[in-house]
A.B. asks: 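Sharing a structure below in structure tokens format, with a few things to ask.
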Amino acid sequence: MAVARVCVDSAMPHLDRPFDYAIADKLADTVDVGSRVRVRFAGRLVNGVVVSTAGASDFEGRLTPIHSSSAVPSYTAEAIAFAEQVARRYGGGLWDVLRLMAPPRVAGVEKRDWSTVEHDEQAFREAHATLAPAAEAVSLPSAAVASGARIVWEAVPDPALRHGLPIEALLAPAAEVAARGLTSIVILPDARALAAAADALTRAGLSRWTARSGGHFTVLHADDGPAVRFGSYLAAMHGHARIVLGTRPVAMQPVRNLGLLVMWDEGSTVYEDPHAPYPHARTVAAMRADEAGAGVLLAGYAPSVEAMALVAHGWAERAAVPRADVRAATPLVTIIDDQRREAEGASGWHWMPGQVWRRARAALEDGPVGIVVPRAGYVRATACARCGEWASCGECGGPLRKESAVATLHCAGCGAEHPHWHCAECGSPATKQLRQGVERIAEQVRAMAGSVPVTLSAGATGTVADGEVTEGLVVATPAALPAVTGGYARIVIVGAEVPAGGALGAELQAMRWWLSIAALARPRGAGGEVIAVGELPPVVREALVGWNAAEAAWDAYGERADLALPPFRRAIRLWGEAPVLTLALSETVEGERLERHRDVAIVDAKGGVILLVTRRATQAVVDTLRRRQQQFSKAGDGELRMRVDAPLDPVS
């Protein structure tokens with residue numbers, strides 16, 4: 001009797017192992033490794049994935065038959081083996097990784113014939129010839145990447161096309177690899193970047209894969225709907241398209257003959273999966289490159305400290321653009337700090353200093369001008385207009401905000417409304433606005449601009465598409481600023497600052513934010529300028545003005561290595577009751593208890609602890625804690641939660 005070993009959908013750590021099920025005769029030609037099945041488990045039907053098959057089982061009792069199966073497998077055997085590696089690295093369950101790897105299945109899509117694979121080699125060669133000059137223009141070592149090199153590229157904007165990312169250059173090595181008969185995976189942060197990539201490939205003569213007509217490249221994104229997304233997933237898995245574009249989940253996309261992984265803006269937080277076991281797309285890409293011997297391109301205007309760690313460890317190498325080319329491709333960046341605002345007088349302390357507004361108005365003669373506001377909404381915080389005391393909620397103490405000019409004050413924490421608020425210090429009912437959001441700023445800009453068109457682009461009010469604006473002022477949040485043809489004549493960043501809280505890496509994140517905005521402006525040779533209004537740390541100022549955030553990331557890695565902080569060491573966060581944590585930390589690794597281990601430093605954190613572990617010992621520590629977690633789960637003695645490569649934030 002044929003037997004299927006099935007990984008079942010269960011959140012219990014001790015059930016993270018395959019279970020044997022009989023394959024009924026009616027399903028003998030359907031069930032295979034990678035098939036999604038429905039099986040009876042603990043008295044109810046649950047989802048599962050067949051991880052292997054066998055001719056017999058070691059189970060002495062009667063095997064329960066598989067209830068139903070997908071028409072075609074959703075995973076390859078290689079994909080399942082890789083999922084097991086990811087699960088082990090992050091101390092998680094195989095089912096959780098498989099769930100993240102593949103989108104929900106659509107039965108109708110599986111009926112297509114997935115066996116026939118045809119490719120137009122000439123089309124990929126012609127596409128590479130079209131895209132290669134863009135890579136050369138920004139000094140990207142495309143040929144080395146396509147040949148298997150692992151590169152951390154310190155990018156500059158395309159001097160000709162101000163998309164916000166040098167997409168044609170990024171796609172050049174992908175097309176070259178595809179022309180050699182291998183598959184390229186391109187990992188992008190959002191729908192806007194995906195649209196730019198798909199447009200660039202189309203202009204290069206390649207077509208997007210569809211179930212009706214086939215194609216050269218696939219796009220995997222949740223906005224496409226379940227049928228299109230699942231069809232694109234299967235097309236990539238079966239080799240119907242040699243270039244695969246997608247957001248974070250595409251890092252784990254099963255493909256044939258993987259030759260290259262490209263990742264843009266790898267320092268973005270969107271690549272951290274919020275679901276257990278919390279894999280990071282950059283780490284997944286590195287693991288896949290190791291397994292397949294593929295090339296890797298980690299690119300961004302502000303490379304992360306984690307990317308620099310890969311360079312420091314010898315896994316990757318840096319590729320920088322010559323300084324003369326950097327200057328030619330980037331806009332002038334001017335910082336309006338407190339000293340310059342003070343020198344202007346009273347008008348300098350307006351959210352839009354007078355000198356900045358005059359320069360913005362003057363630039364309108366040359367093209368669109370962007371005004372970037374880092375806060376969404378209308379008014380994020382208020383204070384007493386008489387004494388300056390912050391307006392806070394009487395119920396929970398949270399700040400009071402407004403959603404529109406006529407809206408009632410309400411608490412940002414608990415949502416309670418305060419239509420009759422009075423200051424607890426002086427009794428005044430009058431308020432002033434402290435933290436104005438993009439919607440309130442847009443109101444004021446319209447009043448200031450007179451007849452000049454003003455466009456608002458923000459998540460809550462609607463994001464304007466790239467290329468749609470041709471004139472006037474654009475007021476937007478950072479992620480919603482649309483690209484304009486030829487680039488903005490000037491961009492003003494209102495309230496340029498470092499992320500609140502001062503967490504580890506906050507300065508590097510600020511560099512990434514503002515350089516990504518600056519990339520949408522024209523080069524300085526064409527009059528492009530970015531004006532950042534705010535008080536920024538010296539290291540951030542230098543990175544923005546000199547466009548050298550990579551040096552700041554490299555220095556940050558050196559500092560963290562000296563202090564034994566991530567990514568020099570890896571962080572493992574544990575949550576649980578005190579007795580559970582005590583038992584977990586008493587486990588032995590390499591003959592030493594974790595609480596006294598020479599390779600482990602323990603830091604108190606809210607609800608648990610953080611273990612800072614040397615990279616040499618991390619996997620052994622993770623394996624030991626996973627076994628202890630499974631023991632707790634099986635005995636019902638408590639819950640131990642674990643997150644590997646957790647953010648180092650001891651107070652949250």
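Computed over heavy atoms, backbone and side chain alike; hydrogens, waters and symmetry mates excluded.
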A.B. asks: Would the His240 and Trp114 ring centres measure less than 6.0 Å apart?
C.D. replies: yes

A.B. asks: Between Arg105 and Phe230, is NZ or CZ placed under 6.0 angstrom from the six-membered ring centre and within 45° of the ring axis?
C.D. replies: no

A.B. asks: Taking the six-membered ring of Phe568 as reference, does the NZ or CZ atom of Arg615 fall below 6.0 Å from its centre and within a 45° cone about the axis?
C.D. replies: no

A.B. asks: Closer than 3.5 angstrom, by distance alone: can the side chain of Gln629 be matched with the main-chain N or O of Leu640 as a donor-acceptor pair?
C.D. replies: yes

A.B. asks: Any donor-acceptor pair under 3.5 Å linking the side chain of Arg569 with the backbone of Leu612?
C.D. replies: yes

A.B. asks: Decide, yes or no, whether a salt bridge links Asp224 with Arg208 under the criterion of side-chain N to carboxylate O below 4.0 Å.
C.D. replies: yes

A.B. asks: Applying ring-ring contact (aromatic ring centres under 6.0 Å, His included), can you list everything that pairs with His128, at least two apart in sequence or on another chain?
C.D. replies: none

A.B. asks: For Gln630 and Arg627, test the side chains for any donor-to-acceptor distance below 3.5 angstrom and give the result as yes or no.
C.D. replies: no

A.B. asks: Do Arg44 and Phe41 form a cation-pi contact, if we require the NZ or CZ to be under 6.0 Å from the six-membered ring centre and within 45 degrees of the ring's axis?
C.D. replies: no

A.B. asks: Is there a donor-acceptor contact under 3.5 Å from the side chain of Glu266 to the main chain of Ser304?
C.D. replies: yes

A.B. asks: Does Arg150 form a salt bridge (Lys or Arg N to Asp or Glu O under 4.0 Å) with Glu317? I'd like the steps, not just the answer.
C.D. replies: CA-CA 6 Å; Arg150 299 165 178 172; Glu317 55 185 308; over 6 Å; no

A.B. asks: Do Arg596 and Ser586 have side chains that get closer than 4.5 Å, going by heavy atoms?
C.D. replies: no

A.B. asks: Side chains of Val305 and Arg560: does their closest heavy-atom pair fall under 4.5 Å?
C.D. replies: yes

